[in-house]
Amino acid sequence: MKGLIIVGSAKVGSHTAALAKYLKGQFEDHEFDVEIFDLADRPIHQLDVSGASEPSETYKANMKDLQTKAREADFFVLGSPNYHGSYSGILKNALDHLTMDDFKMKPVGLVGNSGGIVSAEPLSHLRLIVRTLLGIAVPTQIATHDSDYNKLDDGTYYLANEEFQLRARLFVDQIVSFAKNSPYEHLK
Ligand SMILES: Cc1cc2nc3c(=O)[nH]c(=O)nc-3n(C[C@H](O)[C@H](O)[C@H](O)COP(=O)(O)O)c2cc1C
């Protein structure tokens with residue numbers, strides 16, 4: 001089983017990326033192979049269906065890699081910071097480069113982080129998008145706040161809040177269960 005965690009923060013070394021890293025460790029405890037695609041580290045170009053712009057080779061390579069990994073994934077986690085009460089445009093742009101063929105009947109977990117008042121609204125908005133892509137957004141989701149993280153000596157964030165660590169384990173268990181027992185294989 002392969003999973004893909006897409007991180008949609010504009011910041012390299014974001015809280016959302018730290019959460020993704022924690023989740024990856026939990027998936028690995030289930031012997032699931034999970035990759036993190038952090039759009040801050042590996043940016044892709046803005047969707048341009050008319051081909052008016054010429055993206056750089058790096059952007060094109062990142063894009064191709066994202067599309068390959070998405071097609072191969074058995075499940076997803078979508079992670080986003082709260083930007084103006086919703087998920088980031090960076091993540092939406094990435095999703096606009098993908099299709100129903102990538103998501104159809106695959107479990108999708110939703111996670112996010114807010115710097116102001118904690119909000120699950122970005123995740124509710126993402127839930128609608130996942131439905132449109134024919135993915136199955138699992139019920140458990142994770143909405144953290146900056147204060148749920150601490151920094152290592154090198155400045156890297158890590159998820160420090162123990163309640164969220166527990167929730168992360170439940171979240172991962174749920175996705176693992178959906179991925180292993182998909183009743184929808186014949187609909188893919
Ligand atoms: C464009 C933009 C819009 C934002 N809007 C909100 C908001 O509506 N509510 C909020 O709580 N925080 C908002 N923030 C703050 C981010 O949620 C905060 O910086 C958070 O730490 C981002 O998480 P990250 O480190 O995973 O990127 C906004 C930040 C940016 C850059």
Side-chain angles (χ1 to χ4, degrees), residues 3-28 34-48 53 58-59 62-63 65-66 69-70 73 75-98 103 107-130 133 135 137-172 174-175:
L4 183 62
I5 306 180
I6 304 177
V7 174
S9 176
K11 182 165 108 184
V12 173
S14 64
H15 300 84
T16 309
L19 180 53
K21 210 166 153 195
Y22 189 86
L23 294 172
K24 179 174 156 68
Q26 296 299 312
F27 280 116
E28 285 168 355
V34 170
E35 276 204 54
I36 298 174
F37 199 103
D38 187 335
L39 291 158
D41 289 325
R42 305 197 60 198
I44 60 171
H45 52 280
Q46 193 172 316
L47 185 68
D48 171 17
S53 58
T58 308
Y59 277 33
N62 287 345
M63 193 40 241
D65 197 31
L66 174 66
K69 288 187 162 80
F75 62 91
F76 290 87
V77 173
L78 303 180
S80 179
N82 178 355
Y83 285 174
H84 301 323
S86 191
Y87 59 93
S88 71
I90 293 167
L91 180 58
K92 181 63 163 67
N93 181 54
L95 295 175
D96 288 345
H97 282 272
L98 302 176
F103 283 90
V108 183
L110 305 173
V111 303
N113 180 67
S114 299
I117 296 168
V118 181
S119 171
E121 247 180 324
L123 308 184
S124 301
H125 299 170
L126 269 174
R127 208 166 272 282
L128 296 177
I129 309 303
V130 171
L133 284 166
V138 304
T140 302
Q141 58 187 22
I142 305 176
T144 59
H145 184 262
D146 286 3
S147 58
D148 297 315
Y149 299 81
N150 283 342
K151 273 186 182 175
L152 297 170
D153 290 343
D154 67 359
T156 312
Y157 288 119
Y158 67 93
L159 180 65
N161 181 313
E162 288 181 10
E163 279 183 40
F164 277 113
Q165 290 178 357
L166 178 60
R167 190 171 179 84
R169 273 173 240 142
L170 295 174
F171 172 86
V172 166
Q174 197 169 80
I175 296 173

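Both counts, for ligands and for their atoms, begin at 1 and track the order of listing. Hydrogens, waters and symmetry mates play no part in the numbers below; they use all other heavy atoms, side chains included.
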Requested in this report: Consider every N or O of Gly85 and every N or O of ligand 1, then say whether any pair is closer than 3.5 Å.
Outcome: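 Among all N and O atoms of Gly85, at least one is under 3.5 Å from an N or O of ligand 1.
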
Query raised in the report: Judging by distance only, is a nitrogen or oxygen of Ala17 under 3.5 angstrom from one on ligand 1?
Result: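 Between Ala17 and ligand 1 (N or O atoms, distance only) the closest approach is not under 3.5 Å.
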
Go through ligand 1 atom by atom and flag the ones less than 4.0 Å from a non-hydrogen atom of [X].
{"X": "Gly116", "value": "10 (C), 11 (O), 12 (N)"}
{"X": "Ser114", "value": "11 (O), 17 (O)"}
{"X": "Thr16", "value": "24 (P), 26 (O)"}
{"X": "Ile117", "value": "11 (O)"}
{"X": "His84", "value": "1 (C), 3 (C), 4 (C), 5 (N), 6 (C), 7 (C), 8 (O)"}
{"X": "Ser14", "value": "24 (P), 25 (O), 26 (O), 27 (O)"}
{"X": "Ser9", "value": "24 (P), 27 (O)"}

For [X] versus [Y], what's the shortest heavy-atom pair and its separation?
{"X": "Asn82", "Y": "Ser119", "answer": "ND2-CB, 3.6 Å"}
{"X": "Ser14", "Y": "Ser9", "answer": "CB-OG, 3.3 Å"}
{"X": "Leu123", "Y": "Leu110", "answer": "O-CD1, 3.5 Å"}

Query raised in the report: Nearest to atom 31 (C) of ligand 1, what protein heavy atom do you find, and at what distance?
Result: Tyr83 CE2, 3.6 Å

Query raised in the report: Looking only at protein heavy atoms, which one is nearest to atom 25 (O) of ligand 1, and how far off is it?
Result: His15 ND1, 2.6 Å

Requested in this report: Would you check if there is a donor-acceptor pair between the side chains of His145 and Ser114 at a distance under 3.5 Å?
Outcome: no

Query raised in the report: Is ligand 1 under 4.0 Å from a heavy atom in the side chain of Lys11, in the backbone, in both, or in neither?
Result: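 Looking at Lys11 and ligand 1, just side chain atoms fall under 4.0 Å.
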
**Report entry** Val118, portion touching ligand 1 at heavy-atom distance under 4.0 Å
**Finding:**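 The answer is neither; Val118 stays 4.0 Å or more away.
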
**Report entry** Parallel, tilted or perpendicular: ring planes of His45 versus Tyr59, cut at 30 and 60 degrees
**Finding:** parallel

Query - Aromatic plane relationship, Phe76 with Phe103 - under 30° parallel, 30 to 60° tilted, over 60° perpendicular - result: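 Parallel: the ring planes of Phe103 and Phe76 meet at under 30°.
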
Query raised in the report: For Ile117, does the CD1 atom have more than 12 heavy-atom neighbours from other residues, nucleotides or ligands under 6.0 Å away?
Result: no

Report task. Out of Ser119, Pro81, Ala10, indicate the one that has the non-hydrogen atom closest to atom 22 (C) of ligand 1. Result ->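 Nearest option to atom 22 (C) of ligand 1, by heavy atoms: Pro81.
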
Report task. Would you tell me which option among Thr144, Asn82, Asn113, Asp146 has the nearest heavy-atom contact to atom 9 (N) of ligand 1? Result -> Asn82

Report task. Kindly indicate whether atom 14 (N) of ligand 1 is approached by any protein heavy atom to under 4.0 angstrom. Result ->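 It does; a protein heavy atom is within 4.0 Å.
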
Report task. Run the numbers on Asp96 and Lys92 for salt bridge (Lys or Arg N to Asp or Glu O under 4.0 Å), then give the verdict. Result -> CA-CA 6 Å; Asp96 288 345; Lys92 181 63 163 67; 2.8 Å; yes

Query raised in the report: With the threshold set at 4.0 Å, does a side-chain nitrogen-carboxylate oxygen contact exist between Glu28 and Lys24?
Result: yes

Query raised in the report: So, do Phe27 and Val77 sit near enough that their side-chain heavy atoms are less than 4.5 Å apart?
Result: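 Yes. Closest side-chain heavy atoms under 4.5 Å.
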
